[in-house]
Amino acid sequence: MNYISTRGAAPALPFNDVLLAGLASDGGLYVPQSIPAFAARKPGWYDDVAYRVVSAFTGHDIPEPILKELIADAYDSFSNRAVAPLTQIGDRLWLMELFHGPTLAFKDVALQLLGKLFGYVLQKHDRHVTIVGATSGDTGSAAIEAFRGSRYADIFIMLPHGRVSEVQRRQMTTVDAPNVHVIAVEG
């Protein structure tokens with residue numbers, strides 16, 4: 001699987017290189033060169049479905065057993081084995097629960113896996129990144145949880161002083177990890 005820039009002037013890159021690059025060299029966003037088709041299958045555990053989808057986009061950059069392990073590790077901290085279970089709330093009405101992650105935010109579903117993917121790729125390439133983010137709550141705590149303790153990433157999260165809930169503030173400011181830095185900003 002290769003990725004191309006939305007502006008068309010940057011070289012096509014494989015998954016690992018796109019993950020490390022962020023924006024394309026021409027200022028565009030990297031998007032998949034083609035969108036894979038997925039055949040309908042029997043329902044399975046979230047890990048199994050995640051592997052089928054994610055492996056289509058990582059190509060051969062992450063070997064199958066490693067990708068399966070990264071996915072399992074990413075969702076091991078979720079309070080429900082199903083990760084995002086469906087709950088029936090009406091005759092033909094179902095609700096997907098996206099609050100079973102470590103910070104209770106729906107953003108955990110993506111960020112827990114992203115943290116594992118980054119860790120693998122950064123270690124493989126012997127690279128280090130600095131992540132800078134600004135948040136009013138959920139994104140910051142989910143990102144911190146995904147990258148806390150990483151040897152390959154430092155994360156700096158800015159939040160508006162006195163403008164986040166007490167629970168979210170504590171989720172961000174009580175993490176005891178040397179790579180996590182939280183900055184309260186006036187204004």
Side-chain angles (χ1 to χ4, degrees), residues 1-4 6 12-22 29-127 129 131 133 137-153 155 171 175 177 179:
M1 170 66 70
N2 279 327
Y3 292 79
I4 56 174
T6 54
L13 296 176
F15 176 81
N16 284 358
D17 293 339
V18 167
L19 189 66
L20 296 178
L29 301 174
Y30 276 112
V31 295
Q33 198 163 24
S34 61
I35 302 296
F38 295 98
R41 295 189 182 195
K42 291 181 183 177
W45 286 111
Y46 190 90
D47 292 9
D48 300 328
V49 175
Y51 173 76
R52 287 196 312 264
V53 173
V54 174
S55 65
F57 291 95
T58 59
H60 300 292
D61 279 7
I62 302 176
E64 178 181 338
I66 292 173
L67 182 57
K68 285 183 175 183
E69 182 180 325
L70 294 173
I71 290 169
D73 287 350
Y75 300 115
D76 188 48
S77 64
F78 280 60
S79 64
N80 190 307
R81 166 80 169 92
V83 179
L86 293 174
T87 300
Q88 190 166 12
I89 60 173
D91 183 35
R92 293 179 48 188
L93 189 59
W94 296 78
L95 179 70
M96 183 178 284
E97 297 177 359
L98 299 174
F99 56 82
H100 294 284
T103 71
L104 309 177
F106 74 91
K107 294 164 184 178
D108 289 327
V109 177
L111 283 169
Q112 285 298 304
L113 180 56
L114 184 63
K116 302 298 182 191
L117 293 171
F118 256 105
Y120 171 77
V121 173
L122 289 167
Q123 180 180 15
K124 181 179 174 184
H125 292 274
D126 194 27
R127 299 268 306 270
V129 296
I131 300 164
D138 287 352
T139 304
S141 55
I144 287 169
E145 187 63 29
F147 287 94
R148 73 180 172 101
S150 173
R151 295 185 353 216
Y152 303 100
I155 184 164
Q171 282 181 329
V175 175
N179 69 315

- prompt: Residues in side-chain hydrogen bond (donor to acceptor under 3.5 Å, both in side chains) with Lys68, at least two apart?
  reply: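 side-chain hydrogen bond (donor to acceptor under 3.5 Å, both in side chains) list for Lys68, sorted by chain: Glu64.
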
Under a 4.5 Å cut-off applied to non-hydrogen side-chain atoms, are [X] and [Y] in contact?
X      : Y      : value
Leu19  : Leu114 : yes
Pro63  : Tyr120 : yes
Leu13  : Asn2   : no
Val83  : Trp45  : no
Phe99  : Ser79  : no
Met96  : Trp94  : no
Pro102 : Phe78  : yes

Could you tell me the separation between the [atom1] atom of [X] and the [atom2] atom of [Y], rounded to the nearest 0.5 Å?
X      : Y      : atom1 : atom2 : answer
Leu111 : Leu117 : CG    : CG    : 11.0 Å
Asp73  : Gln112 : CG    : CD    : 10.5 Å
Leu95  : Thr87  : CG    : OG1   : 6.0 Å
Asp61  : Lys124 : CG    : NZ    : 5.5 Å
Ile71  : Arg52  : CD1   : CZ    : 11.0 Å

task: Using the side-chain contact (heavy atoms from CB on, under 4.5 Å) rule, take Ile66 and Lys116 through it: C-alpha gap first, then chi angles, then the decisive distance, then the call.
output: CA-CA 10 Å; Ile66 292 173; Lys116 302 298 182 191; over 6 Å; no

Using modelled atom types and a 3.5 Å cut-off, is there a donor and acceptor pairing between side-chain atoms of [X] and backbone atoms of [Y]?
X      : Y      : result
Tyr30  : Phe15  : no
Gln123 : Asp126 : no
Asp138 : Ala105 : no
Asn16  : Val121 : no

Shortest non-hydrogen contact from [X] to [Y]?
X      : Y      : value
Pro36  : Ser34  : CD-O, 3.6 Å
Ala153 : Ile131 : CB-CD1, 4.2 Å
Pro32  : Met1   : CB-SD, 3.9 Å
Arg148 : Ala177 : CB-CB, 4.1 Å
Pro14  : Tyr3   : C-CD1, 4.2 Å

Among Asn179, Val175, Thr139, side chain to side chain contact (heavy atoms under 4.5 Å, CB included) partner for Ile144: Val175

Plane angle bin for Phe118 and Phe147 - parallel if under 30°, tilted between 30 and 60°, otherwise perpendicular: perpendicular

field: Parallel, tilted or perpendicular: rings of Tyr46 and Tyr75 (30°, 60°)
entry: perpendicular

- prompt: Distance only, no hydrogens: is a donor on one side chain within 3.5 Å (strictly under) of an acceptor on the other, for Thr103 and Asp108?
  reply: yes

message: Quick check on Arg151: does its CZ atom have over 12 non-hydrogen neighbours (other residues, nucleotides or ligands) under 6.0 Å away?
response: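 Check fails, neighbour count at 12 or below.
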
task: Decide if atom NE2 of His60 counts as having more than 12 heavy atoms of other residues, nucleotides or ligands within a radius under 6.0 Å.
output: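 Open.
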
